2 protein chains.
Amino acid sequence: MSTTKKRILNASRKLFNQQGLSAVSQRTIATHLKISPGNLTYHFKKRSEIIEGLYFELVEKMDHDFLNVEMEKGLFFGLYQLTQKSMENLFEYRFMMLDFIQVMREFPIIKKHYLKLITQREEQMQMFIQMMIQSGLMRKEEIKNEYQNLTRRMMILGDFWLASAEINREKMDKRQIEKYLEITSQVIYPYLTAKGKREYRKVERDS
Amino acid sequence: MSTTKKRILNASRKLFNQQGLSAVSQRTIATHLKISPGNLTYHFKKRSEIIEGLYFELVEKMDHDFLNVEMEKGLFFGLYQLTQKSMENLFEYRFMMLDFIQVMREFPIIKKHYLKLITQREEQMQMFIQMMIQSGLMRKEEIKNEYQNLTRRMMILGDFWLASAEINREKMDKRQIEKYLEITSQVIYPYLTAKGKREYRKVERDS
DNA sequence: TAGATATTAGTACAATTGCACTAATTTTAG
DNA sequence: CTAAAATTAGTGCAATTGTACTAATATCTA
């Protein structure tokens, strides 16, 4: 990938994060980079290609972190670490999550990929819960659809913690991520057994 | 309020829900109502006045439901009923929640009001939890910030269940609300005492 | 009923946007 | 070194949008 192309993606990402997707036109990006609009069109024929490019950049980073998670330190530690990495990645591409619905509506390629992704993610989460139960870290279901609904809540939190943060605070910085990591991680705590809770506390202490 | 004004608000709400906020221009609305753009401008000088009008319509409905909730049937029942009503209201004005960030960015009047609202709502939720603990329905805190974080998760779920539903399903209808009512209501279940859980099941059965 | 007011229609305008097109310039390859 | 290819600049265009403005019509009031 050419340098200019990289520069365009990088500048676009930052501008989108700062001003929001719809507030940043191709001219905004070109002006900011001090290149001509024609040059921008040369590298990205359509505006949508920039956003799609950024989306798949993010996906790649997420995949990379997923494959390199250290699971040997225990289920909890692995999940905690992965959540943290994911949140950091999402933060760098937060415009995508802040204008999530708009993105899904305007860019069918992204929507298609994302729908496949969440199906996958939901299955992984269900499997994770099963493993936790079998390891005696998590209690069994007590009410109907309990863990299916828990999974769904985890998905919502994962997708929209950034949007919620954006609304509540004036300025979102990296330090806020820690706070939201605590908020989302604790979602699983009350379902843990005594043994699971000890493990959980250990991970929270070490992090 | 004149009939035309009401018709404009109603049509706008439906068009916004269907096509998304940014896809509906004043001309779209005027054409749909078979009135002239000039007439629309007469009733709403600025486009933002329509959205602000709709926002305060929603707020009014929410307030009304909040004041008329039947609390004599128990804490749980009251909360459950209020949640249901709120979700139904939000569904009718879902464009607002689907383009939430955009709305907050573009309409400072709405943002200002909403920020005051969530502070209030968060306090109410905290108070509700304290009442539950004192009634022996909910256990005490076990880890740091546990209920503060729970409250925050409840806020996120309340604000973004619709957005999540929109992404996952092709078409969101009223019947889906029940499902998301279950998903969000269960968030409190694992924190309940044995007594609390009995109460919870009773409410879920009766609804 | 007559004049005032409220409502509606129709049009115009300036600004912005995505993108296409051409020409100039730089880089690369043989 | 030179021709081809890649990159960049600059300009133009059609479409859309919010909204201002004027004139026509309908409704109300005294």
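Every value quoted in this text rests on a predicted model; they were computed, and no experiment measured them. Sequence lines set the chain letters: A, B, ... in the order given, protein chains first and strands last, and positions in each chain run from 1.
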Practice prompt. Pick out which of A:F160, A:Y55, A:F95 makes a ring pair (Phe, Tyr, Trp, His ring centres under 6.0 Å) with A:F100.
Written response: A:F160
Starting at atom [atom1] of [X], determine the distance to atom [atom2] of [N], rounded to an integer number of angstrom.
X     : N      : atom1 : atom2 : answer
B:E49 : D:dG18 : CD    : P     : 14 Å
B:I51 : D:dT17 : CD1   : C1'   : 13 Å
A:R7  : D:dT8  : CZ    : C1'   : 12 Å

Worksheet item: Any luck finding a side-chain donor-acceptor pair between B:Q186 and A:E146 under 3.5 Å?
Response: no
Worksheet item: Taking atom types as modelled, is there a side-chain donor on B:E57 or B:Y93 under 3.5 Å from an acceptor on the other?
Response: yes
Worksheet item: Taking protein heavy atoms under 4.0 Å as touching, what does nucleotides 4-23 of chain C look like 5' to 3' if B marks base contact, S marks sugar-phosphate-only contact and - marks none?
Response: --SBBBB-B----BBB----
Worksheet item: Are B:E182 and B:K179 within salt-bridge range, i.e. N to O under 4.0 Å?
Response: no
Item to complete: Go through the structure and list residues passing salt bridge (Lys or Arg N to Asp or Glu O under 4.0 Å) with B:R94, not counting sequence neighbours.
Response: none
